[in-house]
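So you know, we letter chains A, B, ... as the sequences are listed, proteins then strands, and number each from 1. What you see is a predicted model; the values in this text were computed from it and never measured.
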Number of protein chains: 2
Amino acid sequence: MGEKMISSIAELIADRIGSMPAGERRAAQTLIASYPMIGLKTVAEFSAAAGVSSPTILRFVARLGFQNYPEFQSSLQDELAAQLQSPAIRTLNPPSPGGTASPMLEATLDNMRETFRHLSDRQLADIAARLAERRGKTFLIGGRFTDPLARYMAAHLAIVQPDVVHLAGQESMWRDRLIDMGKRDVLVIFDIRRYQDSLVRFAEKAHQRGVQIVLFTDQWLSPIARFARHVIAGRTAVPSAWDSSAALFVVAETLIGAVTRQLDANGARRIREMEGLR
Amino acid sequence: MGEKMISSIAELIADRIGSMPAGERRAAQTLIASYPMIGLKTVAEFSAAAGVSSPTILRFVARLGFQNYPEFQSSLQDELAAQLQSPAIRTLNPPSPGGTASPMLEATLDNMRETFRHLSDRQLADIAARLAERRGKTFLIGGRFTDPLARYMAAHLAIVQPDVVHLAGQESMWRDRLIDMGKRDVLVIFDIRRYQDSLVRFAEKAHQRGVQIVLFTDQWLSPIARFARHVIAGRTAVPSAWDSSAALFVVAETLIGAVTRQLDANGARRIREMEGLR
DNA sequence: GGAGCGCTGTATCGTATGTTACGTATTTTG
DNA sequence: CAAAATACGTAACATACGATACAGCGCTCC
C-alpha cells in the first residue's frame, strides 16, 4: 500500500494543491470554493471566475491526471450523480435515531422517498385519470418477478371497473391477445432489469396498434420507455442479492387509491353490488 | 394569482408534459428519471439516452421556454447549486408543506416503521432460518388481494432453493395438496381482512398435519394466527378505500434477502447454474 | 378516403469551445 | 548578478457541439 485512498476530486485537489504553481492554485481554490459547480461550466467561465487564463485551467486539470477537460467534467458529474442518488449517504448517515436496525428497511424507505420525489402529483393524477376513464380496456402484465405486482393491481382495479385484464401464463397466450387491443386501450407493464425481451417485443407491437402504455420500471428505464406514454421510474437498490420492487408497489397502491377515488360515484355502487353477489 | 408557481424545471416539465408530442415526452421522462444529470450532458448524449434525435431534444428545451440549450443547462446548474447549498430544502416536487407530497406515501412509510418496530430482528432471523433449512417443502398461498405477495415471494425463493410451491388457482386444486404436506414442511400464508374462510380452513387442516405455518396478516390478526408458528403483523391503514399491503411486502422482501444470504454458499451456485440454463 | 397539418429524423451549417504553439514575464540557481 | 528554467497569457487552430433547413411520415379532420 502506501497509496492514499482518493475517492473524490476534491480530495485529489487537496492532496496536490501544495505542489501547484500560483495560477493553478487559484484555479483549485476557486473550484473548491463553490464545489463542484464551477467545474461544470466552460473553461472560459472557469478561468474568468478564477482570474486566470484558459490554458491555466487546462494545465490544472491535466495536473490532476485528466486527459482533457471533458473527461474532468464527466468525473465531476459522476460524483454528483452518486451523491444525488443515495440520500442516505448525503446526510452523513445518522443511522436512524431511535430505531430500526435493518439497513434493508432504511434503504427501502429511502427508495420510496426518492421515487416519489421524482414523481409529480400531476403525473400520478394524469395516469389515474387515464385509467379511470372507461373508454377501452385495461391490460396489465409484468416480468418474471414483477408479474405479481401486475396481478395485485389488476385484482384491485377489476373490482372498481369492468374490462380489466391481467395477462398471464405462457407468452403465446398473451401475445395473441394483441388482436383485441386498440387505441382506446391502456396497457400497464412492469419491467425492471434485466428487462425481458418478450415484454419489449410485446410492448412494441401493442404500441404499434396504438395502445397507450403505462410503464413501471427502475431508474435505468426499460427499453419499453421508448413506447410508453407514461413512465414511472422506481428506485430498486437495496442491500440484498435482489432488487426491491417495494417502491413500485407503493406507487401502484397509490394509483389504485387514486383511480378508486375518481370512480367514486360509480365505483362505490359497483363495489356494493359486488358485495351483494358474494 | 391564478398563475402556478413554477420554481424548478422539474415542475415546469410536470406541468407541460401533458401537452407534449411523443418524442419530446420521452425526452422529458428520461430527464425526470435521472434528474437532472442527463440534462447536464451534451445534446447528443441526452438524445441517445432518450432514444430520440438531437433536434427533438432541442425542441423539447425550446418548449420549456429556453432560448437555447446552454441556457437550459445553466438553469439546471443554478438549481443544483441552490440545492447543494441548502441540503435541507430538497424541493424537487411540489413543495407540499412538511415534506413529501402524498399523504398516502406518508401513511405507508409510517406503517412500515411501525410494522418493523413490532418485529424483532430475532423473529425475522428465526423465520429466515426456518425457510432456509432444507428439510421439507415450502408452500405459499395468499388471499384475494394478497396472493400476489405469495407469488412474489415464491418466485424468489424458488430460485435459491428447490421444493418451493405456490398454491394457486381453484380452491379445490390446492386443498388436495394437503396430502403432500407434513411436519417437515412450511406453509407461508398471507391473509388480511376480510379474512377468507377458505384460507382459515386450509390453515387449520395443514396445522393438524403438523405443518409449520408462517402467517403474514394485519394488525388485527387473522384467525389463522391461532395455528401459526410465526405471525407477522403489518400495518395496513392508509387514506384510501383499500388497505395497504406495502408493509407486508417489505417484510417479505426482507425475508427473501435474509434467506438468500443464509443459503449463500449453495444458493449462489444454484443461481449461477440457473443463469446457465436460460 | 383524401387533403392538410404537425411531428420527427437526416443532413448540413456556423460557431463556441477546448486545445496547442509560441513569446514574454517571473522566478530560481550557480 | 547573470543565465536558465519554469510559469503564464495571447493568439491562432481544429474539433465537436448546438442549431437549422428540409423532407418523409403518420395522424387527424373533413
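- Contact between A/E253 and B/S245 at its shortest, heavy atoms only, is OE2-N, 2.6 Å.
- Computed from coordinates, the A/F66 CZ to C/dT19 C1' distance equals 18 Å when rounded to whole Å.
- Using a 4.5 Å heavy-atom threshold, the side chains of A/L40 and A/L80 count as touching.
- Salt bridge A/E171/A/R201: present, at least one basic N to carboxylate O contact under 4.0 Å.
- Residue contacts for A/P21: at a heavy-atom cut-off of 4.0 Å it reaches the sugar-phosphate backbone alone, with no base atom in range.
- Counting to the nearest Å, the C1' atom of C/dT17 and the CG atom of B/N68 are 15 Å from each other.
- Residue A/E45 contributes atom CD, which lies 13 Å from atom P of C/dA16 at whole-angstrom precision.
- In the set C/dA11, C/dC7, C/dT19, C/dT19 carries the atom at the smallest distance from any side-chain atom of A/P70.
- When every heavy atom of A/S8 is checked against every heavy atom of A/E79, the shortest pair comes out as CB-OE2, 3.4 Å.
- At whole-Å resolution of the value, CD in A/Q73 and P in C/dT17 are 11 Å apart.
- Of all the heavy atoms in A/L255 and A/I232, the pair that sits closest is CD1-CD1, 4.1 Å.
- No N or O donor and acceptor, one from the side chain of B/R59 and one from the base of C/dG6, sit under 3.5 Å apart.
- Remark: the backbone N or O of A/K41 is paired with a side-chain donor or acceptor of A/Q73 at under 3.5 angstrom.
- Side-chain nitrogen and oxygen atoms of B/T56 include at least one within less than 4.0 Å of the OP1 or OP2 phosphate oxygen of C/dG9.
- B/D147 places no side-chain N or O within donor-acceptor distance of the main-chain N or O of B/R144, the cut-off being under 3.5 Å.
- The outermost nucleotides of DNA chain D lying under 4.0 Å from heavy atoms of chain B, listed 5' to 3', are D/dC17 to D/dT20.
- The interatomic distance linking B/E24 (CD) with C/dG9 (P) rounds to 10 Å, in whole Å.
- A/R25 has its CZ atom 13 Å from the P atom of C/dT27, to the nearest Å.
- In this structure, B/Y69 places its OH atom 23 Å from P of C/dG14, rounding to the nearest Å.
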